[in-house]
Protein chains: 2
Amino acid sequence: MNDKCKNSAPIGVFDSGVGGLTVVREIVRQLPDENIVYFGDTARVPYGSKSKNTIIRFSEQIIRFLKTKDVKAIVIACNTASALALDAVRHEFDVPIIGVVIPGARAAVEATQDNKVGVIGTDATVQSGMYTKIIQGMNPDIQVIEKACPLFVPLVEEGFKEHVVTEEIIEYYLQSMKESDIDAMILGCTHYPLLRSKIRSYMGERIQIVNPAYETAMDLKQLLKEGNMANDRSKMHSHYEFYVSDTAEKFRQFANTVMPFDVPETNVVNIEEY
Amino acid sequence: MNDKCKNSAPIGVFDSGVGGLTVVREIVRQLPDENIVYFGDTARVPYGSKSKNTIIRFSEQIIRFLKTKDVKAIVIACNTASALALDAVRHEFDVPIIGVVIPGARAAVEATQDNKVGVIGTDATVQSGMYTKIIQGMNPDIQVIEKACPLFVPLVEEGFKEHVVTEEIIEYYLQSMKESDIDAMILGCTHYPLLRSKIRSYMGERIQIVNPAYETAMDLKQLLKEGNMANDRSKMHSHYEFYVSDTAEKFRQFANTVMPFDVPETNVVNIEEY
């Protein structure tokens, strides 16, 4: 690939399903000139209840698929895959790969005044302890409280965002975190920004809520700049392609509630072949 | 395989994850002399939100794996896979395969006095309309009301069986069914028997609740008898093997709450290779 081709090559973004679209939305906002190829592993979603080996194997297959699209960089938009697979795949592939955990951790380190940060995520993310490790690698004085909230994803996906049971389940999961004296909280799963207002109203205004998507897009911008890989042909219309491993019509429905434009056709890929 | 070997060959049972163990439990009760090989697709669970093509492909892989264990018959313990894949795989493989939908439908047809049956299941099961098709094939006068209850599975898996929000979600899903005049209701997902007492107390004593697991074990017994395949060496200890596609420790935890004996080690299989 010559340099010109490389700059117009797309960014690959992947997630276990639809949640990563909240990261795509942020990349589109901050990097409107970049082309994007998105892959959502809708045949094998969710990742949050699965093991490290399985999540690494799935991530490797997806990266091999994205490389067939000549991506110039890859964003793991899924917190679970970022926490469990980034270290493994980063050394395995010759394309720059970033996840959402490091950017999210950095934002929380900047946000906390009292050196006390809360992290909510899937079972797998919380069990990995990766957020704690990275935050304390940045500042060993910060205390981190992690809490798995495994019902948040199905509640969002089944359209219970505004239902009263969602408030009760938020209280069930977050009561002890509310009673602690954290002053910053990371939404460590790409679905959780969709519950942001309910989480905010339960946790109170004092707590800064960190959505890693924003910082991840910033990191991507920096990566492209440093590598001289940014696409500067701003006159051209950016091109977005969406791939999934299962033909769930839900993908498009959900995508159209998240994205600032109509999501066109989605293409189905047999990801197990990669 | 000679006849003697065939009779001592195991029954293959599979499910998207752990739910099918409620069917294994019933087979163990009714057919204590049979050996069983169980496969739970814990790497790709759940199936209930996925498409027909994907569920057929997953089922084919699992049947190919079970055939390497020389099973003499296969039970699809998952309602979603029974509803969407049984027709396809039954004609494709040279081993007898039964699902849970036909036995469950038959039990409901026998149970209803007023010719009005309710069915609850996953999105995919309900969208397939398979229960309605089969019930009305048995008795065209029966009216069938189907309702998808997609949050029941995560509620069971996340340990919310006894939580008050589960009662609220039961009411949310089942209110219209309660207000209809059904007198029999099929628990059309293998997880739902674990919510049976809460569903029963919401729906009231008038309604007969049908768990297809019982009838499925009866059908299996009949199949083995007709094919002269039953294992009659009752002096020997029956042997149970458990395979999963992901090493979720949850599998064993859950299995030990469902099965009448301690579930020994589980073996991990890379099911995508089949």
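Atom NZ of B/Lys178 has more than 12 neighbouring heavy atoms from other residues, nucleotides or ligands inside a 6.0 Å radius.
Between the A/Ser59 side chain and the A/Ile55 main chain, a donor and an acceptor come within less than 3.5 Å of each other. When atom types are taken as modelled, the side chain of B/Thr68 and the backbone of B/Phe65 share a donor-acceptor pair closer than 3.5 angstrom. In this structure, A/Ser82 contributes its side chain and A/Val100 its backbone to a donor-acceptor pair below 3.5 Å. Checked by atom type and distance alone, the side chain of A/Arg196 pairs as donor or acceptor with a backbone atom of A/Ile209 at under 3.5 Å. At least one donor-acceptor pair closer than 3.5 Å links the side chain of A/Thr22 to the backbone N or O of A/Thr190. Here the side chain of B/Arg200 pairs a donor or acceptor atom with the backbone of B/Ile207 at under 3.5 angstrom.
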* Asked: Between A/Asn53 and B/Thr247, is a side-chain contact (heavy atoms from CB on, under 4.5 Å) present by the stated rule, with each step listed?
  -> CA-CA 9 Å; A/Asn53 284 345; B/Thr247 49; 5.7 Å; no

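For A/Arg44 and A/Asp246, the salt-bridge test fails: no basic side-chain N is under 4.0 Å from an acidic carboxylate O.
Contacts of residues 162-175 of chain B with chain A at a heavy-atom distance below 4.5 Å involve B/His163, B/Val164, B/Val165, B/Glu168, B/Ile169, B/Tyr172, B/Tyr173, listed in sequence order. Proximity to chain B at a heavy-atom threshold of 4.5 Å picks out A/Asp123 from residues 121-131 of chain A, in numerical order. The contact list for residues 267-274 of chain A toward chain B, using heavy atoms and a distance under 4.5 Å, reads A/Asn270, A/Glu272 by residue number. For residues 144-156 of chain B, heavy-atom neighbours of chain A at less than 4.5 Å comprise B/Pro150, B/Leu151, B/Pro154, B/Leu155, sorted by residue number.
Cation-pi geometry between A/Lys67 and A/Phe93 is not met: the NZ or CZ atom fails to fall both under 6.0 Å from the ring centre and inside 45° of the normal.
Residues A/Phe14 and A/Leu66 are in side-chain contact: their nearest non-hydrogen atoms beyond the backbone lie under 4.5 Å apart.
Checking B/Asp41 against B/Tyr47 by side-chain atom types alone, a donor-acceptor pair falls below 3.5 Å.
The nearest pair of heavy atoms linking A/Ile134 to A/Ile102 is CD1-CG1, 3.7 Å.
Put simply, of B/Ala43, B/Pro46, B/Ser245, the one with the most heavy-atom pairs under 4.5 Å next to chain A is B/Ala43.
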